[in-house]
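Every heavy atom of this structure was used, including side-chain atoms; hydrogens, water molecules and symmetry mates were not.
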Amino acid sequence: MSRIVIVSNRTPGKGPAAGGLAVALRKVLADREGFWFGWSGKLTDQPSTEARIEDIDGLEVAQIDLTRDDHHAYYAGFSNSILWPSFHLRLDLATIESHWYEGYRRVNAQFAKALAPLLKPDDIVWVHDYHLIPLARELRNLGAKNRIGFYLHIPFPTADALYAIPHHEELMRDLSRYDLVGFQARRDVAAFTEFAEHQAPSTFGGHKAKAIDFSGTAVEAFPIGSDPEAFAKLSVSPAATKMIHRMHRALGDQRLVLGVDRLDYSKGLPQRVEAYEKLLANNSRLRRQVHMLQVAPPSRDTIKEYQETSDTLDAICGRVMGQFAEPDWQPLTYVKRAYGQPSLAGLYRLARVCLVTPLRDGMNLVAHEFIGAQDPEDPGVLILSRFAGAAEIFPEALLVNPFDTDETAEALRIALDMPLDERRDRWRALMDAAMAHNVDDWAVEFLDGLAPDAMAETRPSRDMLYLASVA
Ligand code: F6P
């Protein structure tokens with residue numbers, strides 16, 4: 001059986017894996033031979049030319065160091081100040097410094113140079129996320145003939161946002177060098193197809209780029225999931241129960257409205273707190289009856305737009321406190337740090353409502369984890385943005401437009417007043433969908449699609465899209 005080589009910007013660290021994805025991919029590598037390849041987390045004066053191979057908790061991990069300048073241009077620059085905002089349709093927050101592209105390409109070339117000598121001819125290579133779009137082309141330039149797949153963990157942009165990205169045409173050409181490109185949601189496949197079928201308009205000078213041939217690239221939605229049954233177990237573990245007791249002591253009979261997100265402008269945090277503010281303003285009976293807890297660990301905090309989001313959130317939370325707090329009652333708690341999964345599982349289980357209201361999101365695994373952690377006899381209600389990939393698989397959540405804070409405030413009221421029978425019925429359907437989309441099946445399906453004989457075997461039977469050459 002072929003080895004599996006997983007490539008991502010960050011590699012799994014020592015100790016228990018933090019996220020469902022890391023757990024699932026570890027499982028892939030426990031069942032099959034292979035290794036994980038990525039950045040070591042170290043910044044050095046000289047870039048590594050060879051990878052260091054380490055055994056991390058039984059997993060073979062090959063890592064390279066990056067120089068500080070390259071890392072800045074590749075990670076904070078091109079990946080997170082250009083690709084991230086553009087893919088999330090926030091061109092207003094993008095910083096278009098096209099010279100970062102050189103660092104982005106240099107790091108991808110460095111990844112390829114260090115990875116290529118480790119590859120055997122029949123290894124299957126699975127590349128993750130927007131940091132590494134050019135990797136297949138760089139590997140192919142070095143002679144790699146392996147099956148190479150790419151999975152995007154964030155949304156794919158609409159054509160207009162794509163055109164605003166410097167060198168977007170080259171990036172699309174890079175994608176055409178993968179055998180399989182996987183997206184989170186059908187909307188992402190549609191956006192990609194829209195570009196592939198019509199391609200970029202000519203740029204200044206009337207120059208028309210040669211059309212890209214996608215005929216060798218299969219494109220499909222593989223909605224990622226979590227391990228809802230593991231979360232169900234975790235939610236009754238001693239650590240989760242400890243958190244539940246702690247919160248019971250603090251909250252008494254108040255119902256908990258919970259949000260858990262990285263502190264990122266795509267998560268719609270200011271709009272969410274504003275919706276909660278409207279709930280309290282419109283429904284005075286709910287004051288002292290509810291409490292909002294927003295957990296928001298800081299993220300990418302060297303980037304100005306992230307600092308500004310953090311400041312905006314501080315101001316809005318302060319405003320809500322100033323308006324509604326009493327000497328003996330606080331409407332909300334805002335915690336800017338990360339919690340382990342057992343504590344989060346306890347918070348999810350206790351919450352009457354979970355607000356997952358990103359302005360745009362690839363999937364959003366908080367929604368999956370919240371569902372997994374519910375008490376089937378007394379489940380909470382999920383309020384979900386219709387712009388999260390998760391909305392395609394969880395229609396029984398209360399779906400909202402997160403930009404419309406009146407609508408989210410009303411959804412909050414409905415959720416808090418929802419009768420137990422309806423909460424149970426909705427949760428059952430959500431749990432069935434979460435189990436049908438579990439992360440183990442996700443990994444197996446992607447790798448089945450990437451297997452050497454997959455193209456021939458799957459073409460007539462599976463719902464994969466092969467884009468005809470338009471050259
Ligand atoms: O959602 C995309 C993603 O890159 C995840 O894969 C990752 O866990 C998260 O964003 C955090 O990103 P960073 O590595 O920049 O902290």
Side-chain angles (χ1 to χ4, degrees), residues 1-8 10-13 15-38 56-61 123-129 147 149-154 180-186 188 218 220-237 340-342 344-345 348 362-374 376 388-390 392-394 428-452 454 457-458 462-464:
M1 204 184 226
S2 310
R3 296 193 309 173
I4 303 294
V5 178
I6 291 169
V7 190
S8 59
R10 291 187 196 269
T11 52
L21 175 64
V23 173
L25 294 179
R26 261 174 191 274
K27 268 197 218 159
V28 168
L29 289 180
D31 295 345
R32 312 263 297 250
E33 263 190 74
F35 62 95
W36 201 311
F37 184 96
I56 299 185
D57 296 339
L59 191 73
E60 192 176 324
V61 184
D123 283 351
I124 290 176
V125 183
W126 187 1
V127 179
H128 290 264
D129 236 351
R147 301 278 297 164
F150 177 81
Y151 190 79
L152 185 68
H153 290 263
I154 65 175
L180 174 61
V181 172
F183 293 112
Q184 297 274 20
R186 290 191 302 273
D188 304 315
E220 193 185 351
F222 294 89
I224 200 171
S226 67
D227 185 345
E229 281 158 329
F231 249 84
K233 283 202 191 107
L234 204 58
S235 71
V236 290
S237 65
Q341 291 211 307
L344 288 179
Y348 291 140
M363 168 55 63
N364 198 299
L365 289 175
V366 168
H368 287 252
E369 292 170 359
F370 170 74
I371 292 165
Q374 293 313 293
E392 285 189 8
I393 56 178
F394 293 140
R428 191 62 263 166
L430 293 171
M431 187 64 175
D432 289 347
M435 291 198 315
H437 288 89
N438 74 73
V439 70
D440 290 338
D441 292 350
W442 167 81
V444 169
E445 275 166 29
F446 187 92
L447 288 170
D448 279 354
L450 190 53
E457 261 181 24
T458 57
R462 292 188 61 169
D463 188 21
M464 260 187 202

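- Remark: W126 pairs with no residue by the side chain to side chain donor-acceptor pair (under 3.5 Å) rule, at least two apart or across chains.
- A pairwise comparison of heavy atoms in G182 and F222 identifies CA-CD1, 3.8 Å as the closest pair.
- No side-chain donor-acceptor contact under 3.5 Å links Y151 to the backbone of F446.
- In this structure, Q374 and F370 approach most closely via the heavy-atom pair NE2-O, 2.9 Å.
- Scanning both residues, S8 and H128, for their nearest heavy atoms gives CB-CB, 4.1 Å.
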May I have the step-by-step check of side chain to side chain contact (heavy atoms under 4.5 Å, CB included) for F35 and V5, ending in yes or no?
CA-CA 5 Å; F35 62 95; V5 178; 3.6 Å; yes
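- Scanning for ring-ring contact (aromatic ring centres under 6.0 Å, His included) contacts around F183 gives F156, F192, with sequence neighbours left out.
- For K27, the side chain to side chain donor-acceptor pair (under 3.5 Å) partners at least two apart in sequence or on another chain are D440.
- Side-chain contact check for P342 versus L234: some heavy-atom pair is nearer than 4.5 Å.
- Side chain of D188 to main chain of A185: a donor-acceptor pair is present (N/O by atom type, distance under 3.5 Å, no hydrogens or angles).
- For the pair E33/M1, no side-chain contact is recorded, criterion being any heavy-atom separation below 4.5 Å from C-beta on.
- Residues that satisfy the salt bridge (Lys or Arg N to Asp or Glu O under 4.0 Å) test with D123, not counting sequence neighbours, are R3.
- Partner of H368 under the ring-ring contact (aromatic ring centres under 6.0 Å, His included) criterion, out of F231, W442, F394: F394 alone.
- Every side chain to side chain donor-acceptor pair (under 3.5 Å) that R10 has, sequence neighbours left out, goes to Y75.
- Of all non-hydrogen atoms in P228 and M431, the two that sit nearest each other are CB-CE, 3.8 Å.
- Contact annotation: the side chain of V181 never approaches that of L152 to less than 4.5 Å [non-hydrogen atoms, C-beta and beyond].
- Of all the heavy atoms in L450 and I124, the pair that sits closest is CD2-CG2, 3.5 Å.
- Taking both residues in full, the closest heavy atoms of P12 and R26 are given as CB-NH2, 4.0 Å, listed atom of the first, atom of the second, then distance.
- To the nearest 0.5 Å, the span separating CG on L447 from CG on D31 amounts to 10.5 Å.
- Between atom CD1 of residue I224 and atom CG of residue D441 there is a gap of 12.5 Å, rounded to the nearest 0.5 Å.
- Applying the side-chain contact (heavy atoms from CB on, under 4.5 Å) test between M363 and each of H437, Q184, E392 identifies Q184 as the sole match.
- Environment of CZ in R428: crowded, with over 12 heavy atoms of neighbouring residues, nucleotides or ligands closer than 6.0 Å.
- With rounding to the nearest 0.5 angstrom, the CD atom of Q341 is 12.0 Å from the OG atom of S235.
- For the atom pair L29 CG and L59 CG, the distance stands at 5.5 Å (nearest 0.5 Å).
- Separating the CD1 atom in I371 from the CG atom in L365 is a distance of 11.0 Å, to the nearest 0.5 Å.
- Residues forming a side chain to side chain donor-acceptor pair (under 3.5 Å) with N364 (at least two apart in sequence, or on another chain): D361.
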